Undergrad: 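Dropping a structure here in structure tokens format, bear with me for questions.
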There are 2 protein chains.
Amino acid sequence: MELQLVNEGRRAGYAARRLAEFAERCRRGGLAVTPQRLAIIRALLASAEHPRADAIYETVRREHPHISLATVHRTLETLCEIGEARKVTMLHDSARYDGNVVPHHHVICVRCRRIRDVEIPELNDLLSARREIGDFKVLGSSLEIHALCPDCAGKGRARRAKHGRGSSPRTGCKDSVQDTRGG
Amino acid sequence: MELQLVNEGRRAGYAARRLAEFAERCRRGGLAVTPQRLAIIRALLASAEHPRADAIYETVRREHPHISLATVHRTLETLCEIGEARKVTMLHDSARYDGNVVPHHHVICVRCRRIRDVEIPELNDLLSARREIGDFKVLGSSLEIHALCPDCAGKGRARRAKHGRGSSPRTGCKDSVQDTRGG
DNA sequence: AATCGGATGATAATTACTACCAAGTAATCG
DNA sequence: CGATTACTTGGTAGTAATTATCATCCGATT
Ligand SMILES: [Mn+2]
Ligand SMILES: [Mn+2]
Ligand SMILES: [Zn+2]
Ligand SMILES: [Zn+2]
């Protein structure tokens with residue numbers, strides 16, 4: 001299995017390209033291009049840390065001392081909605097526990113957050129061959145498969161919407177998902 | 001790639017076995033076997049929902065109307081520490097954002113929570129073949145590799161401890177990890 | 001430049017936990 | 001079995017992250 005830590009130089013080039021297209025993409029998505037949004041996406045693209053809102057806030061503050069933390073939270077969420085960012089922690093809103101301690105994986109409905117167990121023995125085999133990745137010592141792993149459960153697959157298409165907020169209850173990052181299957 | 005939703009009957013059998021061994025395992029771990037702990041592990045094992053603390057609370061309440069929500073939180077965390085349960089949401093404490101929207105995966109240091117990007121093109125290929133799992137419509141997926149970063153791998157062994165509480169800062173589920181590599 | 005709907009900042013409110021501490025109770029030991 | 005004691009629990013106050021509210025502001029369009 002090929003498996004590589006992402007190289008820093010590559011990321012920097014990618015970030016520059018994305019930043020260049022940002023204003024255009026905002027307009028296309030019906031969002032105003034504000035200095036705050038620019039500063040936030042710039043800070044996010046500049047980081048390889050998968051930062052939290054408060055880290056972005058501290059960075060952006062240096063150039064925009066008046067920016068509000070609420071704006072940072074809102075904006076990061078908005079960026080996820082239009083597909084300009086991704087929330088790494090799709091299930092971060094509250095802790096979910098599992099009585100099944102045998103190694104296994106999960107399918108997660110991105111709309112209602114139902115979670116079901118999945119077994120992928122081959123994946124476990126593939127991964128357990130790896131003792132380290134780069135300079136990280138591997139302990140284990142867990143695959144999240146993002147999906148729509150039968151109940152949610154039927155209901156309204158969701159997605160789409162020219163530029164509406166489109167909120168779903170109890171959901172941090174709404175339905176938008178790019179993931180493995182994006183492109 | 002073999003990939004199967006876990007069958008309900010199998011889970012029930014597993015749960016019964018685990019429940020039978022629970023008291024013994026508690027004592028071995030230096031924990032008292034209290035009615036609250038029994039009720040909580042029973043509720044957790046009985047559920048396939050990967051419940052949150054408040055759901056367990058509601059269930060357990062029916063038999064123990066005086067139980068405290070704080071006890072449920074504490075106990076679930078304790079169960080994770082002794083390996084009798086697993087927190088599905090290892091990064092649930094705060095949202096982490098990613099400017100990289102190209103499909104990729106992550107290595108996460110279980111101690112300091114550093115996150116770095118990993119590319120596993122073969123995995124993406126394997127999974128993108130799947131349009132659905134059981135009756136879930138697959139949208140994408142994301143692999144979390146749990147690991148120790150170079151900085152943390154050096155520092156004290158952690159783990160072990162006969163029955164101490166062993167708390168690490170800002171960490172919900174401490175260092176304990178079973179995952180793919182458990183057995 | 002005028003208009004106006006979305007965006008922002010300040011702050012209150014909410015949510016999910018976590019810390020505390022007095023009181024209760026498993027476990028151990030006569 | 002009853003005393004001892006360390007571990008647990010319940011009740012509650014406190015904390016941290018996020019979200020809601022709303023008056024004001026400003027980017028986009030005309
Ligand atoms: Mn599970
Ligand atoms: Mn990433
Ligand atoms: Zn659903
Ligand atoms: Zn680390």
Side-chain angles (χ1 to χ4, degrees), chain A residues 22-24 26-41 51-58 60-61 64-82 87 89 91-97 161-174, chain B residues 22-24 26-41 51-58 60-61 64-82 87 89 91-97 162-165 167-174:
Chain A
F22 180 71
E24 181 51 32
C26 271
R27 292 210 190 79
R28 217 173 293 167
L31 297 178
V33 180
T34 66
Q36 290 90 337
R37 280 186 182 145
L38 277 166
I40 289 168
I41 188 80
R52 308 188 304 171
D54 64 317
I56 296 285
Y57 178 56
E58 290 309 327
V60 169
R61 253 181 144 185
H64 296 263
H66 278 313
I67 198 169
S68 158
L69 177 56
T71 298
V72 175
H73 277 288
R74 264 184 315 227
T75 302
L76 287 169
E77 217 48 51
T78 304
L79 293 177
C80 289
E81 283 167 32
I82 64 169
K87 194 186 278 187
T89 50
L91 289 171
H92 93 278
D93 49 323
S94 54
R96 308 273 304 252
Y97 296 90
K162 220 154 294 178
H163 60 60
R165 201 44 18 93
S167 55
S168 63
R170 291 204 59 71
T171 298
C173 66
K174 311 314 181 293
Chain B
F22 180 71
E24 181 51 32
C26 271
R27 293 210 189 79
R28 218 173 291 167
L31 296 180
V33 180
T34 66
Q36 290 90 337
R37 280 185 183 147
L38 277 167
I40 290 168
I41 188 81
R52 308 189 303 169
D54 63 317
I56 295 285
Y57 178 56
E58 289 309 327
V60 169
R61 252 181 146 184
H64 296 262
H66 278 312
I67 199 170
S68 158
L69 178 56
T71 298
V72 175
H73 278 289
R74 261 184 318 228
T75 302
L76 286 169
E77 216 49 49
T78 304
L79 293 177
C80 289
E81 283 166 33
I82 65 170
K87 194 185 280 188
T89 50
L91 288 171
H92 95 277
D93 50 324
S94 53
R96 306 273 303 253
Y97 296 90
K162 218 154 297 180
H163 61 62
R165 202 44 20 96
S167 56
S168 64
R170 293 201 59 70
T171 297
C173 67
K174 311 311 181 299

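Below, chains carry the letters A, B, ... as their sequence lines are ordered, and counting in each starts from 1. Note that the structure is predicted; figures quoted are calculated from it, not measured.
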Undergrad: Quick one: are B:Val33 and B:Arg27 in side-chain contact, heavy atoms under 4.5 Å?
TA: yes

Undergrad: Taking only the side-chain heavy atoms of B:Arg52 (C-beta and beyond), determine which of C:dA27, D:dT18, C:dA16 contains the nearest atom.
TA: C:dA16

Undergrad: Rounded to the nearest Å, what distance is computed from the CD atom of residue A:Glu24 to the C1' atom of nucleotide D:dG27?
TA: 15 Å

Undergrad: Need to verify one output field. Residue with the more 5' nearest nucleotide on DNA chain D, A:Thr34 or A:Ala53?
TA: A:Ala53

Undergrad: Given C:dT11, C:dA7, D:dT9, identify the nucleotide with an atom nearest to the side chain of A:Arg37.
TA: C:dA7

Undergrad: What's the closest nucleotide to the A:Arg27 side chain, out of C:dA19, D:dT18, D:dA28?
TA: D:dA28

Undergrad: What integer distance in Å separates A:Lys87:NZ from D:dT18:C1'?
TA: 9 Å

Undergrad: So which nucleotide from D:dT8, D:dG27, C:dT11 ends up closest to the side chain of A:Ala32?
TA: D:dG27

Undergrad: Find the distance A:Asp93:CG to C:dC17:C1' and express it as a whole number of Å.
TA: 13 Å

Undergrad: What's the CD-C1' distance between B:Gln36 and D:dG10, to the nearest Å?
TA: 9 Å

Undergrad: As a test of reading the structure: which of C:dC17, D:dT18, D:dG11 is closest to the side chain of A:Ser94, going by heavy atoms?
TA: C:dC17

Undergrad: How long is the line joining CZ of B:Arg74 and C1' of C:dT18, in whole Å?
TA: 10 Å

Undergrad: So, is A:His64 close to the C:dT8 phosphate, meaning a side-chain N or O under 4.0 Å from OP1 or OP2?
TA: no

Undergrad: How many Å lie between OH on B:Tyr57 and P on D:dG11, as a whole number?
TA: 8 Å

Undergrad: For B:Ala95, answer base if it contacts any base atom (sugar-phosphate contacts may also be present), sugar-phosphate if it contacts only those atoms, and nothing otherwise; contact means non-hydrogen atoms under 4.0 Å.
TA: sugar-phosphate

Undergrad: So what does B:Ile67 hit on the nucleic acid, given a heavy-atom distance under 4.0 Å: a base, only sugar-phosphate, or nothing?
TA: sugar-phosphate

Undergrad: Of the listed nucleotides (D:dG10, D:dG27, C:dG9), which one gets closest to any side-chain atom of A:Ser68?
TA: C:dG9

Undergrad: Just how far, in rounded Å, is P of D:dT8 from CG of B:Leu79?
TA: 11 Å

Undergrad: Where is the tightest heavy-atom contact between B:Cys80 and B:Lys87, given as atom of each residue plus distance?
TA: SG-N, 3.6 Å

Undergrad: So if I take every side-chain heavy atom of B:Pro35 and compare against C:dA26, C:dG9, D:dG11, which nucleotide ends up nearest?
TA: C:dA26

Undergrad: Would you call B:Tyr57 and B:Leu76 a side-chain contact if the rule is heavy atoms closer than 4.5 Å?
TA: no

Undergrad: Of the nucleotides C:dA27, D:dT18, D:dT8, which one has an atom closest to the side chain of B:Leu31?
TA: D:dT8

Undergrad: Do A:Leu69 and A:His73 have side chains that approach each other closer than 4.5 Å (heavy atoms only, starting at C-beta)?
TA: yes

Undergrad: Could you state the atom-to-atom distance from NE2 of A:His66 to P of C:dT11 in whole Å?
TA: 13 Å

Undergrad: B:Val60 pairs by side chain to side chain contact (heavy atoms under 4.5 Å, CB included) with which of B:Ile40, B:Leu38, B:Thr75?
TA: B:Ile40

Undergrad: So, do A:Tyr97 and B:Glu77 sit near enough that their side-chain heavy atoms are less than 4.5 Å apart?
TA: yes

Undergrad: For D:dA17, does OP1 or OP2 lie under 4.0 Å from any side-chain N or O of A:His92?
TA: no

